[in-house]
Amino acid sequence: MKRIIVLGGSFGGLTAAFELKRHLGKSAEITVISDDDRFVFLPSLPWLIMGHRRPGDITLKVAGMLGPKGINFVHEAALRVEPETSKVFTASGELAYDYLVISTGPFLSFDEVPGLGPEGGHTNCTFTLDHAVKTHLAWEKLLEDPGPVVVGSAQGVSCFGPSYELAYEMDTELRRRKMRHRVPIIYLTSEPYLGHMGVGGLGNSKRSFGDAFAEREIKAIVNGAMEEVVPGEIKLKDGTKLPFKFAMIAPPFKGVPAVAALGNPRGFIPVDKNYRHTKHKNIFVVGVAMAIAPPEPTPVPVGVPKTGFMTVKMAKTAAAAIAAEIKNETPPRPEELDVVCLMDMGNTAALMKASPVLPPRQESVTKMGLRYRYLKMGFEKYFLWKMKHGLSRLP
Amino acid sequence: MKRIIVLGGSFGGLTAAFELKRHLGKSAEITVISDDDRFVFLPSLPWLIMGHRRPGDITLKVAGMLGPKGINFVHEAALRVEPETSKVFTASGELAYDYLVISTGPFLSFDEVPGLGPEGGHTNCTFTLDHAVKTHLAWEKLLEDPGPVVVGSAQGVSCFGPSYELAYEMDTELRRRKMRHRVPIIYLTSEPYLGHMGVGGLGNSKRSFGDAFAEREIKAIVNGAMEEVVPGEIKLKDGTKLPFKFAMIAPPFKGVPAVAALGNPRGFIPVDKNYRHTKHKNIFVVGVAMAIAPPEPTPVPVGVPKTGFMTVKMAKTAAAAIAAEIKNETPPRPEELDVVCLMDMGNTAALMKASPVLPPRQESVTKMGLRYRYLKMGFEKYFLWKMKHGLSRLP
Amino acid sequence: MKRIIVLGGSFGGLTAAFELKRHLGKSAEITVISDDDRFVFLPSLPWLIMGHRRPGDITLKVAGMLGPKGINFVHEAALRVEPETSKVFTASGELAYDYLVISTGPFLSFDEVPGLGPEGGHTNCTFTLDHAVKTHLAWEKLLEDPGPVVVGSAQGVSCFGPSYELAYEMDTELRRRKMRHRVPIIYLTSEPYLGHMGVGGLGNSKRSFGDAFAEREIKAIVNGAMEEVVPGEIKLKDGTKLPFKFAMIAPPFKGVPAVAALGNPRGFIPVDKNYRHTKHKNIFVVGVAMAIAPPEPTPVPVGVPKTGFMTVKMAKTAAAAIAAEIKNETPPRPEELDVVCLMDMGNTAALMKASPVLPPRQESVTKMGLRYRYLKMGFEKYFLWKMKHGLSRLP
């Protein structure tokens, strides 16, 4: 019986575990290791910040999802992987694997800009449940004592969506409360233009985001590179100073320390089309942990986003490849990676679609409309229901 | 009985006088001083230039409006104000006041560009009835002998609307006459981009004005700074030469000489939220005469417009503050100043709305449609009827 | 009986011959000289390249069109014109004329960029039937072995429409075949901005073409000046290198050698409003052969297009002037030259209209919609039917 270890209990880890179980049944022992015993539907964190969701609405217990499927769960941090001996080390010991799936997500690299981040720094963050809860409190404080807002992304960021969502949502909410004129909003980004998103734009995203920002009078600073953050002020490398009462600045990502040694200098791990490690053939890597090169150089560096949608697709491909190898079958031909993204805009929403993810593309679209907001709300409910029941095979 | 003097007989002066009378009745003696015995509905001057209105259509006699309300009218120029002794001086003597409302409008500062303006210079103007009548004759001459047109605004201008209206209206009228191809139109402006309007744009005005200009093939020169005007040619500071057969260039404004000493170097007078002079507490200043700082620096300096709509609002606030003080009541909390503007575009029109006037704003919109043209026509009739009957309290 | 020689058997030559015959009947002997015995409906060549048309669908025999109308046809190349003696020389001898109509179209000046063109160079061309047939084969090869595409125009080009059509059509066809992501498309042009078309743009063509390119993810390089083409790569003067598997680059035009001596250094012949040679009064020149100055300087030089639509109008005006002179009548006042253009975009099309051709204009429009695609298809059939029956007088 093959021992398969999955590192990570979010989109990629859970999907990989469910899919491996579905393919392999009792012929494999599958163990998920994660230092977080919750699955959080991360795309809803901007709504949590705005007060439209509570943590319980978007959280599931990992053990409760894995148990009924016969998948082991180790609630511990993985400390180190030893590929030569095929072992994972945790504080309480070591686990041997025949196959390893790494889906450890991002390490939030706040240190790259002095003063960045909610832990010792002066800016808020949307990328974890705990950060989002803290950001929600900061937002409530802003509503009581309004002032300038800066929302955006530092240099090197690869995940721009939540910052856009927050800018749009805050604008909408402030107008609803008739206090938008007391809160100037600056969107600060390392992107070379609005709607670039790290992927060279999608369809006419440049113009449609530009129009939306103009209509909402959200002032954009593109090609922004931050020097440091001090209390109440962001300093850019070009000397610009941006005072704020509320700032949410996305940090750049790195690979998490436990697996970074398997990857490039930023800790992202190189893989082939099946998400198999280019050197260690029994290791697969999906989601933020794996490496994708940017499609084009930009004045200020940016990365390629790896969304939950993409991560789930990667996990399915990797699981199919592992299962095929164990069963001595031909693995299915891996699909070209594409992405569909629903971005909330407060009083409307955007559907963004790219196939494949990076140009040149067969399909590439940005459309706006209120129906995409309802679609996003519906998808959140559906996905949480699906994960709760381990129905990873549903679309 | 308190003596209140109002300087100026246009939007601000008449509104202030009517409102003060309404608040104070016989307990105050109100005197309007103006060197012009006509009230002119200035927003219709572009229509007069195009031949759609005659002077009589948009003019009311000031004495006929004030008399029935028991308000005095002195048809004389105010020469000087002496705030220390609370006196206004005219050629025929002096008048003492307990309160003074200054609503003297702009001094057209043609001298700032050699050759600018219709008095000794070579360009036309839309800002007074007499200038507009002269400009109408120049327009008729152009229709007989077509050639290049330059419409726009010199550096330091704060009132951009009429120049836009004229550019759009001339384009429409020339196409109607099947002679647009014989009249190249250049829109020359000190604004940093089309649709800036001195207020940093309103909603998507940048793109919607840019689109409208492209569709009409009106060539725009932004960040334009004029060196001088010679007969038939405008010279810019960057060396560009713009030949013309017809030119209408808005001049920068200053405060009028009679009150300029009460204000900043350009003669605009600093006030508080109730439009009370920051130093002389029994003087109130409304409309163009009072000072507003620009919302942002621009490559070529521009000012903040003070429209008739805004001036009327200011006059009501100032009158309420004076009346409250005289009656020993608490003055109503002054409203944040907003603006609604209907801009004719010949074959369509734009509604522009900003609340407050300067960013950040709760509301900011630019919309285009033929209905706004009919709305503007209707508003002209309504407002003239309202002023004729002294019904300043109607909206 | 007057002898009239017409050089050229395409839009201008045939229209001139038919019109002269219609005006003059048996009182003139009309002879068309052309080295091509086919009339090709050139606007359909992009469709031929895409495989939507075969040569027979868009070709008529010139002799079969002229014979029934009593017009002579000499299937030979004109070698030289001697205006002093009013003679045209061919390989087999000389022909004397009382009037000469020159409608010889373009000489494709590939030599101006080393490596340009399908004859000895490395790029394809859309401007002749033979080139288009060759380009169709290159397109089929690309579909089998996909890779980067560069479509566009060299410096000095005056005819941009077919390059745009090809870029749009290739994009559409590649998406239909689900292989667009394997073919990055670059649109390289000497125009200063998208939609300039050599005429300073038409209405909002700049934005609407820019939007269409963004939506289709066709990357544009404007102000492009080519240094040379080597196999599989275009080098620009600024050092940029554009690798390609398929390249279609429009060459600049010159006047054809047989008549170039009558014109300016590029061989384009100066004419008056009736298309009469400014010096040789019995010579008329229509279509590409005649000279029009560009409306404005551009960073990289471009020329003014002379479409089939324009050429037909010119030919009618010239024929009317010749006929009037022969019949001793007053010639009709020549119309201002305008243009209507239907540009295919694969899954939609654009209607472009300019009246007159160059700014300032009475009318100037760019509209997009599928109906214009059907209109273009219908017009092709109608025009070929009309020419086949010599019905030049129909609109």
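Every heavy atom of this structure was used, including side-chain atoms; hydrogens, water molecules and symmetry mates were not. Computed from a prediction, not measured in an experiment: that's the story for all the values here. Sequence lines set the chain letters: A, B, ... in the order given, protein chains first and strands last, and positions in each chain run from 1.
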Rounded to the nearest 0.5 angstrom, the CD-NE2 distance for A:E336 and C:H181 is 5.0 Å
Could you tell me which non-hydrogen atom of C:R175 sits nearest to which non-hydrogen atom of A:Q362, and how far apart they are? NH1-O, 2.5 Å
Please check if the number of heavy atoms outside C:E296 that lie under 6.0 Å from its CD is greater than 12. yes
Under 6.0 Å from the OH atom of C:Y374, do we count more than 12 heavy atoms belonging to anything else shown? no
With A:H277, which residues qualify under ring-ring contact (aromatic ring centres under 6.0 Å, His included), at least two apart? A:H280
Any side-chain heavy atom of C:R182 within less than 4.5 Å of one from A:P360? no
Taking non-hydrogen atoms and a cut-off under 4.5 angstrom, which of residues 143-174 of chain C neighbour chain A? C:L174
Quick check: are there more than 12 heavy atoms from other residues, nucleotides or ligands sitting under 6.0 Å from CZ of C:R176? yes
Which salt bridge (Lys or Arg N to Asp or Glu O under 4.0 Å) pairs, counting each pair once, include a residue from residues 343-358 of chain A, with sequence neighbours left out? A:D344-A:R373, A:K353-A:E363
For chain A, which residues of residues 195-221 of chain C have heavy atoms nearer than 4.5 angstrom: C:R207, C:D211, C:A214, C:E215, C:E217
